[in-house]
Amino acid sequence: MENKKFKIIKKKEILKLLESLKKEYSIFVPIEDNGDARFSEFKSGQDIFWDYRNTKISPKEILFPQAETLFCFGPGAEVKAEGSTPGGKDYLIFGIRPCDAQAISLLDKVFGGEDFEDPYYLERRKKTTVISLACSKPQIDCFCTSLKGKPENEEGADIILFDLGEDVLAGAVTKKGEKFIEKQNKWFKDAGQSDVDKKDKLMDLSLNKIKSQIDIQNIKEKLDNAFNDLLWNEIHQKCLGCGICTYFCPTCHCFDITDEINPKAADSKTPEGKRVRCWDSCMYPLFTLHASGHNPRPTYKERMRQRIMHKFNYCPENFKEIFCVGCGRCIRNCPVNLDLREVLVSLMSLGSLCKDKKI
Amino acid sequence: MIEKIKETVKKLFKENKIDIFIGYSEGTLPLRSTPCFITRSEDIEKLVWNSYCSNNLAVYLPRFFVSQRGAKDAKLPRIGILAKGCDGRSIVGLIKEHQIPRENIYIIGIHCGGMINTKKIKKVDIVAAEEKNDKVLVEDEDKKKVELKKEELLADMCKTCQYTAPAVYDILLGKEKQKTKKEDREAFIKEFEKKPLEERWEYFQEQISKCIRCNACRQACPNCYCKECFAEQAKPRWIGPTNDISDVMFYQIGRIFHQAGRCVDCGACVRACPMGVDLRVFTYKLIKDVKEFFEYEAGVSLEEAPPLATFKQDDKQEFITEP
C-alpha cells in the first residue's frame with residue numbers, strides 16, 4: 001500500500017467514464033432498489049448509490065447467477081453451451097465492497113481450482129474487471145476484521161476506490177487494474193499527499209466503526225474434532241431451515257442442476273428442454289436426499305453443522321481459506337436472529353476435553 | 001410481566017411438568033429478540049418479553065414429534081411454550097391437524113400488545129434501542145437518540161389484532177389488551193377487493209418479482225410442516241427450483257392456496273421475507289372467504305371441525321362453479 005501510485009478522479013467524471021465504457025463493457029453498479037442497494041446494469045443518466053452500506057443480495061449473482069441455462073436440447077435443437085456474457089461484452093463490476101471482492105477471490109478457488117474448472121463461471125470471470133469501493137459504511141453486524149478483511153482490503157479487486165466526497169481516489173491492485181487506469185488515463189490526475197492523507201483518515205474512521213470482534217484463531221483445528229460434539233444439538237435449535245443465510249452469502253456456491261422439459265413444444269425447431277443450474281442450499285433437506293429415500297443429513301442439526309463445517313473446516317482444508325468474509329448478511333437477514341458470530345464463539349469455547357464427547 | 005413468565009416457567013420445571021420451554025431471549029441486534037429453548041432451570045433468567053418477540057414459536061413444535069410418530073410407546077417430550085394470540089392460534093391449528101398432542105403442550109398464553117416491524121424505522125444505522133412503555137428510543141452510530149412511538153411501528157397484522165391472547169391456554173398472563181373489531185381488521189382487504197383486476201394482478205406481479213425462492217416464508221409458517229413440499233416433489237415435478245417468474249408464481253400461489261381454512265394471519269411469512277414480499281392480502285382473502293362460505297375461522301376453537309375435513313349438504317359451492 002505504501003508505494004501505491006494513487007490517481008484521483010471527480011465523482012461526476014466517473015459517470016462520464018462509465019458512459020464511455022458502455023460499448024465495451026456490461027457495467028454493474030450499486031443502485032437504490034426498494035430502499036436497499038442492489039447491483040444492476042448501469043444505464044445512461046443513472047446515478048451510482050455511493051453511500052450504500054452494502055447490497056442486500058451479494059454481487060456474487062453477477063458471476064454466479066441464481067439460475068442459468070447451461071444448454072438446450074431436443075429434436076431439432078442444436079445443443080449449444082450457453083453461459084457467456086451477454087452480447088459477448090466484458091464485465092465491469094464497479095463499486096463492490098472489499099468483503100464481496102474478497103469473496104470473488106474465494107469463488108475463484110472453487111470454480112477455477114486445480115481439480116475442477118467451471119467453464120461457465122470462468123468465462124465470465126476472465127472477462128471481468130473488479131473495481132471495489134473501500135468501505136466507509138460498516139454496519140453493526142459486520143465483522144470482516146475478525147477474519148482476513150478490513151475496510152480497504154484489496155483481495156479480489158483489480159482497482160480499489162476511496163470515496164473522498166467530491167473526489168474519488170483510485171489505486172490499481174493488479175496488472176489488469178493498472179492497464180485499465182492507463183488506458184483511461186485522460187480521466188485521472190495524479191493524487192496529492194493531502195488526498196492520500198484524507199483516505200487514511202477515512203479508513204481509520206471506518207475501522208473504528210467495526211465494533212464486532214470475535215476471536216476465531218485456529219477455528220479449523222478446533223473443528224477438526226468437533227463433528228460429534230454435543231454443542232451441535234443446541235446450535236441449530238432455532239433454525240427454520242430456510243435458505244437465506246446461504247443465498248445471501250457471497251461465498252456460498254452450491255448449486256443444483258435440473259432439466260426443464262417443455263412437453264408442449266410441437267414445433268421441432270423449438271428446443272424441448274433445457275438444463276438449468278440454480279443455487280441450492282445445504283440448509284434444505286432435499287440437498288442430500290438420496291434416490292433411495294435415505295438422507296444422510298436428516299435433521300436441522302446435521303444441516304447446520306454442514307454449513308459451519310464447510311465454511312470453517314472443509315474449505316480451510318481444501319482451499320486453505322475460511323469461506324466467510326464477515327459481511328454480516330447471514331446475521332442481518334436471518335428471520336430468527338441465529339447469529340453466526342455467536343455460533344463461532346460457542347464453537348471456539350470447545351476445549352480439548354470435548355474430543356471424546358459423543359452424541 | 002417478564003418476572004411472571006419466569007416464575008411460571010420455574011414452577012413448571014420444578015413440578016416436573018415440562019422437559020423443555022420455548023420462549024424468547026435477548027437478540028444480538030437492536031430491536032430483535034430471538035427464540036430460545038430452555039432445558040435447564042438456570043437458563044430461565046435468559047427469558048425476555050418485549051415488543052420484538054415477533055417470531056411465531058409454534059413453528060418449532062411439530063419437529064419434536066415427527067420422528068416419534070407411529071412409534072409405539074415412544075416417550076414424547078413435554079413442551080412449555082410462550083404463546084401470543086397468533087402463536088396460540090397456530091398451536092390450535094397444529095393440534096387439530098394432529099401434528100402435536102395437546103396433552104404434551106403447556107401453553108403459557110400472554111396478552112400481547114403487538115410487535116414492532118423494524119422495517120418501519122427508516123433509519124438504517126441504529127446501533128442500540130431501548131423500549132420504554134409506549135416509546136422506543138433508538139440510537140444511531142453518532143450516539144444521536146430519537147424517540148419513536150411504538151404504535152407507529154407496529155406490524156400491520158398487529159395494528160389491527162382481533163385476538164391479542166390465545167383462545168386455548170393452560171395459564172394466561174398479563175392484562176387484557178385492546179382488540180380490533182373484525183370489520184376494521186378486514187378494511188385493508190375490502191379496499192383491495194375493490195381494485196380492478198389489472199391492478200390486483202399488478203400488485204401480485206410486483207410482489208413476486210422480488211421473491212428469490214429462499215423458502216423463508218414457508219419455513220417460518222407453522223402450517224407448512226409437510227415432510228415433502230409440493231415445490232420440491234420430484235414425482236411428479238410440479239415446478240422448477242429457479243427464481244424464474246413462472247416458478248416463483250406457482251410456488252407462491254401453491255403456498256397460499258394450501259393455507260385455505262388454515263391460515264391464522266400471524267404474518268410470519270411476511271416477517272421472515274428478506275426481500276419485502278408481502279402477499280398478506282391474498283392469504284387474508286382466503287380467511288375472509290372461508291369465514292363467509294363456511295362460517296369457520298382457523299385457530300380460535302379446538303372443537304369446531306375444519307371445513308376441509310368435513311362435508312355438509314348445504315356447503316356453499318358457488319366458488320367452484322362460478323369463477
Side-chain angles (χ1 to χ4, degrees), chain A residues 33-36 53 56-57 61 65-69 137-141 209 211-212 234 237-248 256-261 274 276-281 283-286 289 291 298-300 328-329 331-342, chain B residues 20 22 24-37 39 52 54-55 57 59-60 63 66-67 119 122 124-128 141 210 212-221 224 227-229 231-234 237 239-244 246-247 268-269 271-276:
Chain A
D33 173 38
N34 263 319
D36 289 307
R53 299 196 149 248
K56 183 142 229 172
I57 301 255
E61 62 173 349
Q66 182 164 7
E68 72 175 309
T69 302
K137 297 265 174 192
Q139 303 175 63
I140 51 164
D141 30 23
K209 279 185 193 163
K211 299 272 194 280
S212 182
E234 288 176 18
Q237 271 176 321
K238 57 185 164 186
C239 175
L240 293 174
C242 73
I244 291 179
C245 47
T246 49
Y247 280 14
F248 281 74
D256 185 19
I257 292 179
T258 53
D259 286 349
E260 298 217 333
I261 310 292
K274 53 183 182 176
V276 181
R277 153 159 93 178
C278 58
W279 291 353
D280 204 348
S281 169
M283 305 309 282
Y284 298 157
L286 202 71
L289 183 64
T299 74
Y300 295 88
R329 283 187 181 89
I331 301 166
R332 215 166 295 140
N333 293 298
C334 178
V336 292
N337 186 221
L338 202 167
D339 193 319
L340 178 66
R341 292 169 301 180
E342 278 196 321
Chain B
I20 187 161
I22 312 177
Y24 304 93
S25 62
E26 200 187 334
T28 60
L29 301 173
L31 304 159
R32 286 300 300 264
S33 293
T34 183
C36 91
F37 297 73
T39 48
Y52 328 135
S54 53
N55 294 108
L57 299 179
V59 72
Y60 295 112
R63 60 173 86 164
V66 163
S67 54
K119 286 166 198 149
K122 293 283 172 252
V124 286
D125 47 0
I126 296 167
V127 296
E141 54 187 16
K210 294 186 270 185
I212 56 161
R213 291 288 299 281
C214 66
N215 295 321
C217 46
R218 181 185 75 190
Q219 297 305 111
C221 177
C224 281
K227 205 175 158 209
E228 191 180 16
C229 177
E232 276 128 22
Q233 231 167 27
R237 236 211 32 217
I239 54 172
T242 72
N243 60 337
D244 181 89
S246 64
D247 283 342
C269 49
R271 285 183 166 113
C273 181
M275 302 306 290

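Letters A, B, ... are given to chains in the order of the sequence lines, protein chains preceding strands, and every chain is numbered from 1.
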Counting only non-hydrogen atoms closer than 4.5 Å, does [X] touch chain B with its backbone (N, CA, C, O), its side chain (CB onward), both, or neither?
X: A:Lys137; answer: neither
X: A:Val276; answer: side chain
X: A:Cys239; answer: backbone
X: A:Ile244; answer: both
X: A:Arg277; answer: neither
X: A:Cys278; answer: side chain

Backbone of [Y] reached by a side-chain donor or acceptor of [X] within 3.5 Å:
X: B:Arg213; Y: A:Gly243; result: no
X: A:Asn337; Y: B:Ser33; result: no
X: A:Gln66; Y: B:Ile212; result: yes

Against chain A, label [X] side chain, backbone, both or neither, depending on which of its atoms sit under 4.5 Å from a heavy atom there.
X: B:Glu232; value: both
X: B:Arg237; value: side chain
X: B:Ile20; value: side chain
X: B:Val127; value: both
X: B:Lys119; value: neither

Worksheet item: Just how far is it from atom CG of A:Asp33 to atom NZ of B:Lys210, taken to the nearest 0.5 Å?
Response: 9.0 Å

Practice prompt. Taking all non-hydrogen atoms of both residues into account, name the closest pair between A:Gln237 and B:Tyr60 and its distance.
Written response: O-CE2, 3.7 Å

Fill in: Closest contact, heavy atoms only, A:Val336 versus B:Pro35
O-CD, 3.5 Å

Item to complete: For chain A, find which of B:Ile22, B:Thr28, B:Thr242 contributes the most heavy-atom pairs closer than 4.5 angstrom.
Response: B:Thr28

Worksheet item: Taking every heavy-atom pair that is under 4.5 Å apart, which of B:Cys36, B:Ala216, B:Pro30 has the most such pairs with chain A?
Response: B:Ala216

